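As the structure is a prediction and not an experimental result, all values here were calculated from the model. Just so it is clear: chains get the letters A, B, ... in the order the sequence lines come, proteins before strands, and each one is counted from 1.
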Amino acid sequence: MKNPSDVLGEFERRGYIEQVTDFEGVKRYLSEPAVCYIGFDPTADSFHVGSLVPILALVHMQRYGHRPIAILGGGTGLIGDPSGKTEMRRLLSWDELNHNARMLKAQLSRLIDFSDDKALFLNNADWLVGLKYIDFLRDIGRHFSVNRMLAAESYRQRLEKGLNFIEFNYMLLQAYDFYYLSKEFDCMLQMGGSDQWGNIVAGIDLIKKKLGKQAYGITFPLITTATGAKMGKTAEGAVWLSSEKTSVYDFYQYWVNTDDRDVIRFLKLFTMLPVDEIEKVEDLKGEELNPLKRILAFEVTSLIHGYEEAVKVYTSASSVFGAIEVPDDLLPSSKIPRKIEESRGTYPTVTFPADRIEKGIFLYDLLCESGLCTSKSAARRLIEQGGAYVNDVRINNVKAVLNKNAIAENSLILRAGKKKVKRIVFN
RNA sequence: GGAGAGGUUCCCGAGUGGCCAAAGGGAGCAGACUGUAAAUCUGCCGGCGUAUGCCUUCGGAGGUUCGAAUCCUCCCCUCUCCA
């Protein structure tokens, strides 16, 4: 069993920590199995890559013997957190909320063990919705100074754009969450993104005032890529953890395409590989980083979608981009297949009726309908610019028509640019 | 409640009656170079498609006009100042 207090060191070495309210205090608190919590946004029915750090923080906590609590901001989601947003969030309906809660818990369950209450998944709607306005003002509201709230960074930004009263109350509700959890579950540590600092501190103050107890807070840094983009954002939108929303293939690709400068940092942040091992490969540069990128992609995919799926995408990606041997001594704890036997990868597949190909089908139609291009115009452009490949042969003719000659075993491989590939099956 | 400013294509932002599918930048896409990286260069960047063409788009609904993102009316939203 690991030493519970070492989790803090682990966080430090992995780059999980932005701020701590009281480092020594937290260390003492974590010196024996403790309870900690993180709140999650209920606005979608899947987490995305941006939530990975908080989620993995809970995973680490559990591995070190602590009891993590994931709070779904059901009650607060009905309001919308202004922190770090420049716009007001849309309000959720009850049905959406319940649906999202189910889906999110299922996702977390793959990573966190909720059996026997070793971890908890709670919805703050359970205790927030029943609050009485007047009681709340008397018991909780009086402890908050508006002056201090206005000074909080999270509100200051919004003050410039405009902040309505409902959002202004968000801090009180989140502080109340923390107070509630400290009272009911002895949870004295809250973690969260750096934009949550103000809310966390407010909760600590409230606990001090109401219970006379000391609570703690840790915030994670906002993770951006080397190019300055927010983590997990692509042109197509967020990179989701749900394979329904982001295919496992695209998920894997997102990670392999990591910028050189981010590889080591991301290995520490987003995989569970031992930090010792990661630190040993820190000096690798240039092309040597390619196997590391594959390990990164493999490990994260494996964590989120499971080992089997990860092996599958890894194999198919290798058949698209070429297999490389990953040395046994490179991050030895990784379960990535070190050698790939030449096998046909499983490309993302789209099926078409067989008569389409028998009649002959315009290449641009196929590109468009298979989802590789967003419109026929885009498909034409792609062909004109030399980015369209059928079975690895570049097709430059915009009016190209595919017929039976193009297929082998009822399928063909369609490429758009270097990175987007689909297998088209006709039957 | 009063006064003012504003809402333009994925984002920022120009455009004040025809030359506007709408400048410029960013993002994105393709190609070259490469290592499924970055940087750079070239091209593209509403849709249908190849027609001096049509359709959709400048907050929403109407109107004026041969013609509107641009003018008028009403409405919605945002911001600033005052109360």
Q.
I want to confirm an ordering. Mapping A/Ala378 and A/Arg261 to their closest nucleotides on RNA chain B, which one lands closer to the 5' end?
A. A/Arg261
Q: Send over the distance from A/Glu288 CD to B/A38 P, rounded to a whole Å.
A: 19 Å
Q.
Once you apply a heavy-atom cut-off of 4.0 Å, does A/Gly322 come out as touching a base, just sugar-phosphate, or nothing?
A. nothing
Q) Side chains of A/Asn257 and A/Lys419: do they bring a donor and an acceptor to under 3.5 Å? A) yes
Q. Does B/G28 have a Watson-Crick or wobble mate here (both distances under 3.5 Å), and if so which one?
A. B/C44
Q) Looking at A/Lys376, does any N or O in its side chain come under 4.0 Å of the phosphate oxygens OP1/OP2 on B/U50? A) no
Q: Would you please classify the geometry between the A/Phe121 ring and the A/Phe114 ring as parallel, tilted or perpendicular, with 30° and 60° separating the classes?
A: perpendicular
Q.
The side chain of A/Thr227 is closest to which nucleotide in this list: B/A30, B/A37, B/A39?
A. B/A39
**Q.** Rounded P spacing from B/G62 to B/A14 in Å
**A.** 29 Å
(Q) Is A/Arg381 close enough to B/G49 that one of its side-chain N or O atoms is under 4.0 Å from OP1 or OP2 there? (A) no
Q: For A/Asp259 and B/U36, give me the distance from atom CG to atom C1', rounded to whole Å.
A: 13 Å
(Q) Please pick, from B/G35, B/A30, B/U50, the nucleotide with the shortest atom-to-atom distance to any side-chain atom of A/Asn290. (A) B/G35
Q. What's the CG-C1' distance between A/Asp262 and B/A37, to the nearest Å?
A. 10 Å
Q) Of the candidate nucleotides B/U50, B/A37, B/A32, which contains the atom at the shortest distance from the side chain of A/Glu384? A) B/U50
Q. Quick check: are there more than 12 heavy atoms from other residues, nucleotides or ligands sitting under 6.0 Å from NZ of A/Lys27?
A. no
Q. When you compare B/G28 with B/C11, how far apart are their C1' atoms, in angstrom units rounded to a whole number?
A. 11 Å
Q.
Given B/G35, B/A32, B/A37, identify the nucleotide with an atom nearest to the side chain of A/Arg394.
A. B/A32
Q: Can you check whether any acceptor in the base of B/G43 is under 3.5 Å from a donor in the side chain of A/Gln385, or vice versa?
A: yes
Q. In this structure, are over 12 heavy atoms from other groups packed under 6.0 Å from A/Arg13 atom CZ?
A. yes
Q: Rounded to whole angstrom, note down the P distance from B/G7 over to B/U70.
A: 12 Å
Q. Is A/Lys209 atom NZ crowded by more than 12 heavy atoms from other residues, nucleotides or ligands, each under 6.0 Å away?
A. yes
Q | Whole-Å distance separating the CG atom of A/Asn257 from the C1' atom of B/U34 | A | 13 Å
Q | Residue matched to B/G6 through Watson-Crick or wobble contacts both under 3.5 angstrom | A | B/C77
(Q) If I pick the C1' atom on B/A23 and the same atom on B/U8, what distance separates them, to the nearest angstrom? (A) 12 Å
**Q.** Nearest-Å distance once atom P is located in both B/G4 and B/C74
**A.** 14 Å
Q) If only side-chain N and O atoms of A/Thr258 are considered, is one of them under 4.0 Å from the OP1 or OP2 phosphate oxygen of B/A37? A) no
(Q) Assuming nearest nucleotide by heavy-atom distance, tell me which of A/Leu289 and A/Lys420 is located more 5' along RNA chain B. (A) A/Lys420
**Q.** Out of B/G47, B/C29, B/G31, whichever nucleotide has its closest atom nearest the side chain of A/Ser375
**A.** B/G47
Q: Check whether any side-chain nitrogen or oxygen of A/Lys285 sits under 4.0 Å from OP1 or OP2 of B/A38, and answer yes or no.
A: no
If you look only at distance, which donor and acceptor atoms sit under 3.5 Å apart when one is on a side chain in residues 289-299 of chain A and the other is two or more places apart or in another chain?
residue  : atom : partner  : partner atom : Å
A/Lys293 : NZ   : A/Thr258 : O            : 3.0
A/Lys293 : NZ   : A/Asp260 : OD1          : 2.7
A/Arg294 : NH1  : A/Gly322 : O            : 3.1
A/Arg294 : NH2  : A/Gly322 : O            : 3.3
A/Glu299 : OE2  : A/Ser334 : OG           : 2.6
A/Glu299 : OE2  : A/Lys335 : N            : 3.3

Q | Spacing between A/Leu296 atom CG and B/G35 atom P, to the nearest angstrom | A | 21 Å
Q. When you compare B/G24 with B/U42, how far apart are their P atoms, in angstrom units rounded to a whole number?
A. 15 Å
Q: Could you tell me whether A/Asp260 contacts a base, only the sugar-phosphate backbone, or nothing, with contacts defined as non-hydrogen atoms closer than 4.0 Å?
A: base
Q | Options B/U50, B/G35, B/G31, nucleotide nearest the side-chain atoms of A/Tyr389 | A | B/G31
Q. When you compare B/A69 with B/U16, how far apart are their C1' atoms, in angstrom units rounded to a whole number?
A. 9 Å
Q. Where the side chain of A/Gln253 is concerned, which of B/G35, B/C29, B/U36 is the nearest nucleotide?
A. B/U36
Q.
Testing the basics here: between A/Asn124 and A/Gly73, what is the closest heavy-atom pair and its distance to 0.1 Å?
A. OD1-C, 3.3 Å
Q. Tell me: CZ of A/Arg294 to P of B/G35, nearest whole Å?
A. 13 Å
**Q.** C1' atoms of B/U80 and B/C20, separation to the nearest Å
**A.** 32 Å
